[in-house]
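Encoded as structure tokens, the structure appears first; notes follow it.
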Amino acid sequence: MSNHVFALVDCNNFYASCERVFDPSLWSRPVIVLSNNDGCVIARSNEAKALGIKMGQPFFTLGHLVSIHNIAVFSSNFTLYGDMSRRVMDVLSMFTPDIEIYSVDEAFLALDGLTDDPPAYAQRIRATVYQWTGIPVGIGIGPTKTLAKVANHIAKKNPEHGGVFDINAHSDLDELLDKLDVADLWGVGPQYARLLNRHGIYTVRQFKQANDNWVQKHMTICGLRALLELRGISCMPLEAAPPPKKDIACTRSFGARIETFQGLREAISTYVSRAAEKLREQDSVASYMQVFIRTSYFGEGPQYSNAASLQLPVATSYTPHLIHFGTRLLERIYRPGYQYAKAGVIFSGIVPQEHAQLNLFVRPYPTRRYRHLMRIVDTINQAWGRNTVQFAAAGISKEWKMRQARRSPRYTTRLAELPIVKAH
DNA sequence: TCTGGGGTCCTAGGACCC
DNA sequence: TCTGGGGTCCTAGGACCC
């Protein structure tokens with residue numbers, strides 16, 4: 001058995017909670033947040049969950065539910081959520097330096113060697129995060145990451161625990177695990193759940209007792225790790241510094257269909273620009289580039305989907321060159337006569353800028369000048385908002401831009417959108 | 001009318017080399 | 001008619017996560 005103490009801190013209904021922080025009148029209403037293009041539900045307050053609204057449910061299928069129950073509906077406001085996430089993580093960091101930011105709304109903490117009782121400490125963390133950010137969190141504690149995840153799940157489903165559950169607090173772990181559906185286990189998605197069910201495994205306890213070799217064979221090393229972690233053997237260490245990304249993508253559905261090459265070229269150029277910004281944010285350059293376009297899966301018209309990729313002559317993050325190659329790739333796959341609904345750009349073969357090998361067979365590459373120009377562009381856009389300066393190929397009208405009819409103000413990151421408190 | 005986006009990791013299999 | 005074997009690298013595809 002390991003002696004580690006992992007805590008998983010998870011923000012409740014994160015995006016919906018962010019919206020509520022800035023508008024207290026939302027506390028008495030169900031709240032949902034929509035994906036890009038206002039397409040699907042991606043966050044729900046507890047009241048919205050109670051109405052039967054599902055994660056990922058297309059918004060238009062909600063019908064009259066919205067008006068009947070006076071549901072507050074928001075377009076996603078990732079600028080706001082990103083800033084709130086940073087605030088929550090800052091508070092958590094004050095309680096321990098050993099923190100892994102796992103996602104926008106989750107973090108693992110290592111609480112090894114704590115003199116306090118871990119659940120009591122977790123309650124203090126929870127109260128402080130709520131007081132300082134307005135975001136409610138749940139905390140699960142266990143000797144492995146997987147068991148901390150399980151504990152978090154139990155804390156969430158059973159409000160009587162006050163938002164904190166320590167897996168060690170229960171005398172019989174197996175009795176606990178027997179009540180949990182294996183489909184809810186971290187690392188078990190729909191495919192594996194079906195596979196396990198076919199083999200008579202329905203609960204987390206049954207999975208814990210499964211044959212190691214069988215699990216590794218059918219669920220890879222990841223499945224085996226989950227299995228061992230349920231048995232108390234820690235296989236997933238805390239990863240304090242996130243490694244640089246190995247792939248960087250920008251893909252979007254359009255707000256309106258695009259038929260023309262010129263329209264797609266604008267969209268691709270816009271996505272290339274954004275993805276290249278992300279490359280530069282982590283001081284990387286890309287060696288491969290892929291572009292894809294497709295029609296809607298749901299539309300009536302003829303379907304078409306295609307992708308093309310190439311190795312860049314020089315690994316780079318220089319937007320004008322990347323736009324050039326993006327356009328070449330688009331030329332290879334574009335076919336007229338289709339109603340395109342989505343496109344995307346994916347960079348891979350990402351390496352640190354300093355390691356980029358210069359290709360001896362291309363003309364001399366004025367890297368310093370390019371980097372200087374990109375730094376100026378990025379600085380301006382950071383200070384004045386995205387796309388304050390952009391490349392002409394990305395287009396001006398952008399009639400295909402995503403719909404965001406219900407976005408809340410960027411309360412915390414735009415001076416002009418600060419919340420106003422009225423005194424009476 | 002309207003159905004998300006951005007990642008990670010693992011494995012199998014083909015290409016290629018000696 | 002017979003038709004090696006092993007290693008490495010790369011990619012596509014499939015699973016997962018939030």
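Values below: every heavy atom of this structure, side chains too, minus hydrogens, waters and symmetry copies. By convention in this document, chain letters (A, B, ...) are assigned in the order of the sequence lines, proteins followed by strands, and residues within each chain are numbered from 1.
- Relative ring orientation between A/F22 and A/Y411 is described as parallel, the plane-to-plane angle staying below 30° on a 0-90° scale split at 30° and 60°.
- Side-chain N/O atoms of A/R225 include none lying less than 4.0 angstrom from OP1 or OP2 on B/dC9.
- Ring-plane geometry between A/H321 and A/Y318 is classed as perpendicular, the angle between the planes exceeding 60 degrees on a 0 to 90 degree scale with a lower cut at 30.
- Here A/K217 does not reach the OP1 or OP2 of B/dT11: none of its side-chain N or O atoms lies under 4.0 Å away.
- A/Y297 comes within 4.0 angstrom of nothing in the nucleic acid, heavy atoms only.
- When each of A/R294 and A/T220 is assigned the nucleotide of DNA chain B bearing its nearest heavy atom, the one mapping closer to the 5' terminus is A/R294.
- Across all strands shown, A/Y192 has heavy atoms under 4.0 Å from sugar-phosphate atoms exclusively, and none from any base.
- Contact annotation: A/Y288 side-chain N/O to C/dT11 OP1/OP2 distance is under 4.0 Å.
- Here A/L62 lies out of heavy-atom contact (under 4.0 Å) with every strand.
- Between B/dT3 and A/K342, no contact under 4.0 Å exists linking OP1 or OP2 to a side-chain N or O.
- For the residue pair A/Q339 and A/Y304, no side-chain donor N or O sits within less than 3.5 Å of a side-chain acceptor on the partner.
- Using bins of under 30°, 30° to 60° and over 60° for the plane-to-plane angle, the ring pair A/Y102/A/F108 lands in the perpendicular bin.
- Among the protein residues, A/E106 comes within range of the sugar-phosphate backbone only, with heavy atoms under 4.0 Å from sugar or phosphate atoms but none that close to a base.
- More than 12 heavy atoms of other residues, nucleotides or ligands shown are found within 6.0 angstrom of NZ on A/K278.
- Distance A/W186 CH2 to C/dC16 C1': 11 Å, rounded to the nearest Å.
- Only the P atoms considered, B/dC2 is 31 Å distant from C/dC18, to the nearest whole Å.
- Residue-level contact check: A/F298 touches the bases, meaning some heavy atom is under 4.0 Å from a base atom.
- When both distances must be under 3.5 Å, the Watson-Crick or G-U wobble mate of B/dC18 is C/dG5.
- Place A/S253 and A/P243 on DNA chain B by their nearest nucleotides, and A/S253 ends up nearer the 5' end.
- Across the protein-nucleic acid pair, A/K278 atom NZ and B/dG5 atom P stand 11 Å apart, rounded to whole Å.
- When heavy atoms are screened at a 4.0 angstrom cut-off, A/V188 is found touching the sugar-phosphate backbone but no base atom.
- Taking 4.0 angstrom as the limit, A/T251 places a side-chain polar atom (N or O) nearer than this to OP1 or OP2 of B/dG6.
- Separating the P atom of B/dC17 from that of C/dT3 is a span of 24 Å, rounded to the nearest Å.
- Residue-level contact check: A/L34 touches neither bases nor backbone, having no heavy atom under 4.0 Å from any strand.
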Worked check of side-chain hydrogen bond (donor to acceptor under 3.5 Å, both in side chains) between A/D83 and A/T413: CA-CA 7 Å; A/D83 190 60; A/T413 55; over 6 Å; no

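- At a threshold of 4.0 angstrom between heavy atoms, the contacts of A/D105 are confined to the sugar-phosphate backbone, with no base atom among them.
- At whole-Å resolution of the value, CZ in A/F59 and P in B/dG4 are 14 Å apart.
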